[in-house]
Amino acid sequence: ETANFEFPMYTRAHERVDILLNATSRRDVNGDIVGVIGVGQDITERKQMEMEKARVAHELRTFIDMANAPIFGIDVAGGVNEWNNK
């Protein structure tokens with residue numbers, strides 16, 4: 001049984017650090033759980049980049065939708081894959 005958990009931790013300086021913990025149960029010869037083995041990694045920078053990417057995507061979508069002209073995107077096959085509401 002392996003699971004991943006994301007959770008915040010705080011440093012002594014009260015700075016938030018986002019942690020990804022990968023944990024699995026440790027069992028004895030009878031199959032009974034006797035502990036947990038886990039590895040954590042700091043994903044603070046990744047989370048900040050994901051939030052910034054989402055913010056920029058939302059800002060661009062708003063810009064496209066509010067434009068006073070039709071705007072559309074075409075994929076490499078020539079199909080329209082994005083458009084605004086004008």
Side-chain angles (χ1 to χ4, degrees):
E1 304 168 51
T2 300
N4 292 311
F5 304 95
E6 287 185 21
F7 60 93
M9 291 184 75
Y10 293 88
T11 67
R12 289 184 180 160
H14 306 289
E15 296 173 357
R16 180 183 169 127
V17 177
D18 291 306
I19 301 295
L20 174 62
L21 177 66
N22 177 274
T24 188
S25 56
R26 184 169 170 245
R27 298 178 181 269
D28 65 14
V29 294
N30 297 320
D32 297 324
I33 295 175
V34 295
V36 174
I37 299 172
V39 176
Q41 80 187 94
D42 182 349
I43 59 169
T44 305
E45 188 174 318
R46 186 189 88 192
K47 296 285 280 187
Q48 290 169 344
M49 288 189 312
E50 287 172 356
M51 288 174 38
E52 178 64 7
K53 180 180 173 184
R55 185 195 68 76
V56 169
H58 176 71
E59 189 176 292
L60 290 173
R61 171 52 56 198
T62 300
F63 173 74
I64 290 169
D65 285 343
M66 294 184 75
N68 197 18
I71 298 175
F72 56 93
I74 299 175
D75 63 22
V76 294
V80 175
N81 60 5
E82 190 168 355
W83 57 90
N84 65 350
N85 295 322
K86 297 294 176 193

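Residues L21 and G40 approach most closely at CD1-N, 4.0 Å, considering heavy atoms. Listed here is the closest heavy atom pair of R27 and V34: C-CG2, 4.0 Å.
Here the side chain of D75 pairs a donor or acceptor atom with the backbone of A77 at under 3.5 angstrom. Not one N or O on the side chain of D18 forms a donor-acceptor pair closer than 3.5 Å with the backbone of E6.
Linking Ile, Leu, Val, Met, Phe, Trp and Tyr whenever their side-chain heavy atoms come within less than 4.5 Å leaves I74 and I64 in two separate clusters. At a threshold of 4.5 Å between side-chain heavy atoms, the hydrophobic network of Ile, Leu, Val, Met, Phe, Trp and Tyr places V17 and F7 in one connected group.
Between atom CZ of residue R61 and atom CG of residue N84 there is a gap of 7.5 Å, rounded to the nearest 0.5 Å. Taken from CE in M49 to CD1 in I43, the straight-line distance is 11.0 Å, to the nearest 0.5 Å. To the nearest 0.5 Å, atom OG1 of residue T44 and atom CE of residue M9 are 10.5 Å apart.
Of the N and O atoms on the side chains of N4 and N22, at least one donor lies less than 3.5 Å from an acceptor on the other residue.
Within 6.0 Å of CZ in R26 there are 12 or fewer heavy atoms belonging to other residues, nucleotides or ligands.
Among residues at least two apart or in separate chains, side chain to side chain donor-acceptor pair (under 3.5 Å) pairs with a member in residues 48-59 are R46-E50, E52-R55, R55-E59.
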